[in-house]
Amino acid sequence: MKNKEVAKLLNNIADLLEIKGESVFRVGAYRSAARHIEGLSEDVEILARAGGLRSIPGVGESLVTKISEYLETGRSQYLEDLKSQFPQGLIELLQVPGLGPKKTKLVYEKLGVAGIEDLEKAVHERKLRDLPGMGEKTEQKIEKELERWRSRTRRYLLGEALPLAEEIADALRSCTAVQRVEPSGSIRRRKETIGDVDILASSDHPDEVITCFDALPLVKEVIAKGSTKSSVLTQQDIQVDLRVVKPESFGAALQYFTGSKEHNVKLRELAQKRGLKINEYGIFDERTGQKVGGESEEDIYRIVGLAYVPPEMREDRGEIEAAERWAADGTVPELVEISDIRGDLHVHTNWSDGLNTLEEMAAAAMARGYSYVAICDHSKSLGVAHGLSPERVLEQRALIDEANKRLAPFRIIAGIELDIRADGTLDYEDELLAQFDIVTVSIHSAMGQPREKMTERILSGLRNPYVQIFNHPTGRIIGRREPYEVDLEQVFSTAAELGVAMEINAAPDRLDLSDLAARRAKDYGIHIAINTDAHAAWHMDFMRYGVATARRAWLQKSDVLNALPVEELVQRLSENRARRLAVRR
DNA sequence: GCCGTTTTCGGCCCGACTGTTTTCAGTCG
């Protein structure tokens, strides 16, 4: 899958064209195509072979040629030519806040600044302030940004940023001038990583809200403040932006500040076609200039003629077009919600590398309103995690049976997280696997295998008739470990055929499958299990991040395996097993 | 560079803020 690579190619071209001073629309065309290709659920290479590049929105004749050239030869003459005109470091300079294409070009041409280090030197020597259009303030701002740029390369996990945003929102609600507060931006869309935290508030006295915000104990430093907005750094150096609007504009502002930018652009274009104008203050009739809505977010979508689009879908991945159809035929799909989840199908206990006992994990599941939990400890080959020998796992099984007698109607499902070994064989014999209510499989070793070997390894694991769920299918750890090389399309198509479910692992640093991959899995008709992989009771709270990812993948309740009531779940699992065993005989 | 129930040419989302200017360009979200 070279989608990311192609997107990067186009973005690189866009960066250089920008510095070159090309039309913003031409630059925008490259970026728009890049975004669409990155968001594509199918493989761009396969699409290219089928002659279907033209069908990608934003890709016209010229880009088809450039993309095809890149896919065939691994390079682009056009990009090479551009690169030869400018030093590589200029692209890096664009990343510094406050430095756009124009200023980057300026410092390059006037001062020979060709990268971050040159820029630091020029700032240090106070050379920037004498350039046309720049001054002392600009130089100081860049100096400060450079310092921050050095330390701030990482994005934060949703699992870190969302609790922080909620804490701040709660704190602001106790400020008397505040009417409403909502986290907005990418947090509200539940993106897997977050650059900075955006909070929206409504009030008739914005200045009081700003004062209240700047005085919060978790604020370390106020970076910028105006009459309706303020940016601060928290003690952990996360940037938080607060924006305060009038109550009558709250809905429009919430829509606007939730984004994504691409979603909003598309929404506004559509509005414009219908004689309407949307901004953060409301929605207006373009002819009369009269405001026709804006107090609630629902207003905006309804007046433009769309069904309401949940924040998690707002990524310009076809949701606007879909919302148009939904509004027309009244069939708005309801995305899965946390309240739909009936149990967690992947948790650990202290029998392997978990912290809590079996009973404690069951109690934690009950406390969350679940009617079942599947205990899936590690199998024997995962030595580092005290993987269970066949004898021990049978011992645990007996204990589970006993506990179930006491806990009914709550149900502990006896499961296992079984390693698919490097050669594609499974860690237990079939006779043992037959003892489990649910068998889930994972890759925990030899993650560097080449793509074909890894794919074949996974497929052979999935083909075992006892296997029901494939855990964290790509093995990524956000920010730390890339997904292993695997042909997901083949995995999905085999899984669909066999009736094996895929996991969305809800651990905030995994979220694996990702939103895009899960949406692709749904296209194949695959069931998704949203599991926390809890190694401690409190980890079961990660479920919300898994559900968020599922919603970003457009999943509905009916797509989610653990939204089933316990009887239906157990029946489905045993029917699937029986069917597959029958085929094998 | 893309795109089209107003267009195959002439558009392309919208507003705020900052710093530099003296009416605006650049940047950002």
Side-chain angles (χ1 to χ4, degrees), chain A residues 10-11 13-14 17-36 53-67 78 93-107 128-142 144-145 184-189 194-200 206 223-231 239 241-245 249 252-253 255-284 286 300 304 314 316 320:
Chain A
L10 299 178
N11 275 322
I13 293 177
L17 288 176
E18 222 170 5
I19 296 171
K20 203 177 166 194
E22 271 287 356
S23 138
V24 292
F25 301 112
R26 172 177 288 186
V27 173
Y30 279 91
R31 294 212 192 282
S32 142
R35 210 172 36 74
H36 277 110
L53 287 179
R54 232 9 253 277
S55 69
I56 303 169
V59 176
E61 280 312 322
S62 164
L63 285 185
V64 167
T65 312
K66 293 192 176 86
I67 295 168
Y78 188 63
L93 283 185
L94 285 175
Q95 309 300 314
V96 179
L99 266 194
K102 297 285 162 56
K103 286 189 178 141
T104 299
K105 189 177 186 206
L106 188 69
V107 296
L128 257 53
R129 56 182 66 185
D130 298 328
L131 294 175
M134 297 230 206
E136 212 171 316
K137 286 261 186 90
T138 310
E139 190 178 77
Q140 281 165 5
K141 179 174 160 41
I142 290 176
K144 221 174 162 198
E145 289 296 352
S184 55
S186 50
I187 289 194
R188 186 156 178 261
R189 303 199 311 278
I194 307 291
D196 49 31
V197 173
D198 294 306
I199 310 262
L200 179 70
I223 304 171
K225 89 191 265 180
S227 54
T228 62
K229 62 192 281 190
S230 172
S231 295
Q239 183 172 331
D241 297 332
L242 172 72
R243 176 80 187 239
V244 190
V245 299
S249 298
Q255 196 289 319
Y256 174 70
F257 288 113
T258 297
S260 64
K261 187 179 171 188
E262 293 78 16
H263 172 88
N264 285 353
V265 166
K266 200 151 229 184
L267 183 67
R268 286 171 185 214
E269 279 172 357
L270 189 63
Q272 208 182 39
K273 276 189 207 148
R274 299 186 176 169
L276 298 158
K277 187 181 75 170
I278 301 171
N279 58 28
E280 59 260 58
Y281 302 110
I283 176 163
F284 302 84
E286 198 142 44
I300 310 285
V304 180
R314 300 181 196 168
D316 189 22
I320 300 243

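Note that these values count all heavy atoms, side chains included, but never hydrogens, waters or copies made by symmetry. Being a predicted model, the structure only gives us computed values, none of them experimental.
- Comparing B/dA16 with B/dT21, their P atoms sit 24 Å apart, to the nearest whole Å.
- Using atom C1' as the reference point in both B/dC17 and B/dG11, the two lie 27 Å apart (nearest Å).
- Going from atom CZ of A/Phe257 over to atom P of B/dC14 covers 16 Å, rounded to whole Å.
- As a whole-Å value, the separation of A/Ile199 CD1 from B/dG29 P is 16 Å.
- B/dC3 atom C1' lies 9 Å from atom CZ of A/Arg54, rounded to whole Å.
- Nucleotides B/dT8 and B/dC14 have their P atoms positioned 22 Å apart, rounded to a whole Å.
- Comparing B/dT20, B/dC14, B/dG1 by their closest approach to the side chain of A/Lys277 singles out B/dC14.
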A/Thr138 vs A/Leu128, test: side-chain contact (heavy atoms from CB on, under 4.5 Å). Steps then yes/no.
CA-CA 8 Å; A/Thr138 310; A/Leu128 257 53; over 6 Å; no
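- Although no hydrogens or angles enter the test, the distance criterion places a donor-acceptor pair under 3.5 Å between the side chain of A/Arg54 and the main chain of A/Val59.
- With B/dA16, B/dG1, B/dC14 as the choices, the nucleotide that has an atom nearest any side-chain atom of A/Arg268 turns out to be B/dC14.
- Regarding A/Gln140, its CD atom lies at a distance of 15 Å from the P atom of B/dT18, rounded to whole Å.
- Distance from the side chain of A/Gln272 is smallest for B/dC13 among the nucleotides B/dG1, B/dC28, B/dC13.
- The nucleotide whose nearest atom lies closest to any side-chain atom of A/Asn279 is, among B/dG19, B/dG1, B/dC14, B/dC14.
- Here B/dT5 presents its C1' atom at 14 Å from CG of A/Leu270, a figure rounded to the nearest Å.
- Of the residues near DNA chain B, A/Val27 and A/Thr104, the one whose nearest nucleotide (by heavy atom distance) lies more toward the 5' end is A/Val27.
- With its glycosidic angle within 90° of 0, B/dT7 adopts the syn conformation.
- Of the candidate nucleotides B/dT20, B/dG1, B/dC17, B/dT20 has the atom nearest to the side chain of A/Lys137.
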Please test A/Leu200 against A/Asp198 for side-chain contact (heavy atoms from CB on, under 4.5 Å), starting from the C-alpha separation and ending with a verdict.
CA-CA 7 Å; A/Leu200 179 70; A/Asp198 294 306; over 6 Å; no
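- When distances are taken from the side chain of A/Lys102 to each of B/dC17, B/dG15, B/dT27, the shortest belongs to B/dT27.
- One C1' atom belongs to B/dC28, the other to B/dC13, and the distance between them is 14 Å to the nearest Å.
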Assess whether side-chain contact (heavy atoms from CB on, under 4.5 Å) is satisfied between A/Leu267 and A/Gln255, documenting all intermediate values.
CA-CA 10 Å; A/Leu267 183 67; A/Gln255 196 289 319; 3.5 Å; yes
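- A/Pro101 comes within 4.0 angstrom of the backbone, heavy atoms only, and of no base.
- Checking B/dG1, B/dG15, B/dC13 against every side-chain atom of A/Lys261, the shortest atom distance belongs to B/dC13.
- Between A/Lys229 atom NZ and B/dT18 atom P there is a gap of 8 Å when expressed in whole angstrom units.
- Nucleic acid contact class of A/Lys273 (heavy atoms, under 4.0 Å, all strands): none.
- When the P atom is used for both B/dG15 and B/dG10, the distance is 25 Å, rounded to whole Å.
- Atoms CD1 and OG1, from A/Ile19 and A/Thr104 in turn, are 5.5 Å apart once rounded to the nearest 0.5 Å.
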In sequence, state the C-alpha distance, the side-chain angles, and the governing distance for A/Asp241 and A/Gln239, and then conclude on side-chain contact (heavy atoms from CB on, under 4.5 Å).
CA-CA 7 Å; A/Asp241 297 332; A/Gln239 183 172 331; 3.1 Å; yes
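- The nearest whole Å value for the distance from the NZ atom in A/Lys103 to the P atom in B/dT27 is 5 Å.
- When A/Glu18, A/Glu262, A/His36 are each tested for a side chain to side chain contact (heavy atoms under 4.5 Å, CB included) with A/Arg31, only one passes: A/Glu18.
- Across all strands shown, the partner of B/dG15 is B/dC28, judged by Watson-Crick or G-U wobble contacts whose two distances both fall under 3.5 Å.
- Rounded to a whole angstrom, the distance from the P atom of B/dT23 to that of B/dG29 is 29 Å.
- Separating the CD atom of A/Glu262 from the P atom of B/dC28 is a distance of 16 Å, rounded to the nearest angstrom.
- Both A/Glu269 and A/Glu139 sit near DNA chain B, but only A/Glu269 has its closest nucleotide nearer the 5' end.
- Residue A/Lys141 is classed as having no contact, given no heavy-atom separation below 4.0 Å to the nucleic acid.
- Of the candidates B/dT20, B/dG15, B/dC17, B/dT20 carries the atom nearest the A/Thr138 side chain, counting heavy atoms from C-beta on.
- No donor-acceptor contact under 3.5 Å links the side chain of A/Tyr281 to the base of B/dG15.
- With B/dC17, B/dC13, B/dG1 as the choices, the nucleotide that has an atom nearest any side-chain atom of A/Leu63 turns out to be B/dG1.
- Here A/Glu18 lies out of heavy-atom contact (under 4.0 Å) with every strand.
- Here A/Glu22 lies out of heavy-atom contact (under 4.0 Å) with every strand.
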